[in-house]
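Report on one structure; see the data block that follows.
Counting from 1, the numbers follow the sequence of the chain as shown. Here the structure is a predicted model, which means the values were calculated and not measured.
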Amino acid sequence: MNLYRPIYHFMPEKNWMNDPNGLVYYKGEYHMFYQYNPNGIEWGTIHWGHAKSKDLIRWKHLPIALYPSKEKGETHCFSGCCVVNNEEPTIFYTSIGEDERNPRIGAQQWMAISKDNMYTWEKYDKNPVLSLNLHGDMDVKEWRDPFLWKEGGLWYMVLGGSHNDKGCVFIYKSTNLKEWKFLNVLDEGNEYAWECPNFIKLGDKYVLIYSPYDEVKYSIGTINSDYKFMVEARGIVDNSGKEGFYAPNSLVDTTGRRIMFGWLKETARGKLKVGEWAGVQSVPRILTIEDNKLHMEPAEELQILRKNHKKYENIDISESWRPEAKGKALEIIAEFNIDNDINEFAIDLLASKDNEEKTSIVYSTENNSLSVDRSKSSASNLTDKSKLETDFSLKDDETLKLHIFIDHSTVEVFINYRKCISARVYPIKVDSENIKISVLKGDKLKLKSLDIWEMNSI
Ligand code: DQQ
């Protein structure tokens with residue numbers, strides 16, 4: 001088995017993958033498309049890969065959905081979405097070419113339709129459907145990544161980009177998916193550009209999720225009659241630095257759940273050779289709003305992968321403690337009673353017997369922070385050793401609950417389901433599979449419960 005390749009996360013068999021695209025639930029199956037380079041393990045010649053799943057977890061690979069139309073000057077099929085229009089699955093994506101059709105100043109939005117249950121796709125003969133001239137003399141650049149939804153009988157679309165050198169999201173509407181009217185700049189910020197917007201309704205609020213060449217952010221609010229987003233709260237979707245979780249995409253299924261996947265980048269491996277693949281999709285997350293903040297839980301379907309459960313309860317740790325459970329592909333739920341006896345502690349995962357390699361999740365009540373320390377994650381000096389961190393404070397009488405998924409080179413931590421950190425780590429030792437919990441500062445750590453499951457491969 002490859003030491004680094006995840007076994008229960010979605011990946012193509014080989015080559016490069018980046019953003020999840022066109023997530024949609026259609027005729028009882030989840031469909032995932034993704035940015036894919038069939039020609040190598042670096043970004044380039046971007047196609048749309050395609051897979052489907054009945055349970056959100058176990059995927060069946062399908063033929064490539066979109067190829068660049070070289071005869072029309074197209075070199076890449078950038079990110080986008082898939083909607084079902086009168087039973088007809090319809091993809092919107094950003095078409096990129098050479099020279100004047102470059103992503104900075106020459107992007108176009110194209111459409112493709114499937115008439116055979118999403119097996120093959122035909123590009124619309126009147127592409128582009130949307131061009132930059134829709135915006136009159138506005139200074140629009142880096143225009144891309146359509147995301148559509150239907151509301152009140154009309155289609156709406158958001159696109160990312162920049163306007164007057166500020167990252168932003170543009171909003172449009174249409175009655176028929178073919179003619180579009182530009183409505184407004186929905187929201188903007190100081191970043192270079194915003195990519196991959198998802199504008200979704202959760203309860204009675206809208207949430208905008210966008211990827212600003214940095215950690216993925218969200219804003220929560222309402223929309224006014226001028227199609228401006230009236231933002232009430234802003235936050236970070238995943239404190240993974242700019243090289244962890246990126247370009248997430250989402251869908252709603254028939255149960256009404258909003259389900260999100262994000263791309264777990266490979267940048268942290270540096271020049272370490274891991275195999276003929278690059279890029280992993282995160283575990284699926286279910287999104288809701290709580291206290292005007294984004295609440296994210298792993299999809300319960302992940303439980304179908306669980307095996308060999310070990311449970312530990314009410315353990316007081318004064319120095320350190322090791323559960324006997326171990327592995328490189330695990331789900332862990334750890335709950336702690338945090339009081340004045342503890343100031344800082346660490347959970348070491350993917351730890352070698354000699355302790356030379358370990359990835360430490362450190363919680364500090366002094367700094368109100370939770371971090372993933374990668375300084376010893378890999379004995380290889382080629383990999384990124386940086387620490388990923390978020391501020392985190394418990395509410396009164398709240399326990400600290402860490403829900404963790406590790407899968408060889410991926411670590412995803414849900415912190416009381418209101419913060420997340422996703423990290424890539426590349427331990428090079430076969431025995432880097434142990435767990436240890438240690439008090440770093442303080443007298444005693446009260447572990448309320450610890451559940452550990454080994455995970456089956458998909
Ligand atoms: N990746 C795509 C773009 C998108 C970026 C190109 C985000 O459409 O903006 O592969 O990772």
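Here Phe405 pairs with His403 under the ring-ring contact (aromatic ring centres under 6.0 Å, His included) rule; sequence neighbours left out. With sequence neighbours left out, Asp99 forms a salt bridge (Lys or Arg N to Asp or Glu O under 4.0 Å) with no residue at all. By the ring-ring contact (aromatic ring centres under 6.0 Å, His included) test, Phe199 is found to be paired with Trp149, Tyr206, Phe229, residues two or more places apart in sequence or in another chain being considered. Residues passing the ring-ring contact (aromatic ring centres under 6.0 Å, His included) test with His31, sequence neighbours excluded: His50. Every residue two or more places apart in sequence or in another chain was checked for a salt bridge (Lys or Arg N to Asp or Glu O under 4.0 Å) with Lys385, and none qualifies. For Asp214, the salt bridge (Lys or Arg N to Asp or Glu O under 4.0 Å) test picks out no residue, with sequence neighbours left out. Checked against ring-ring contact (aromatic ring centres under 6.0 Å, His included), Tyr218 has no partners two or more places apart in sequence or in another chain. With sequence neighbours left out, the salt bridge (Lys or Arg N to Asp or Glu O under 4.0 Å) criterion links Arg144 to Glu142, Glu195. Scored by the side-chain contact (heavy atoms from CB on, under 4.5 Å) test, Glu313 finds Lys311, Ser449 as partners (sequence neighbours excluded). For the side-chain contact (heavy atoms from CB on, under 4.5 Å) test, residues two or more places apart in sequence or in another chain that qualify with Glu98 are Thr75.
For residues 275-284, no residue pair satisfies the side-chain hydrogen bond (donor to acceptor under 3.5 Å, both in side chains) rule, not counting sequence neighbours. Screening residues 404-423 for salt bridge (charged side-chain N to carboxylate O under 4.0 Å, His left out) gives Asp391-Lys419, Glu398-Arg418 as the qualifying pairs, with residues at least two apart or on separate chains.
Ring-plane geometry between Phe261 and Trp59 is classed as perpendicular, the angle between the planes exceeding 60 degrees on a 0 to 90 degree scale with a lower cut at 30.
Close placement of the Phe345 and Phe336 rings is indicated, their centers lying within 6.0 Å of each other.
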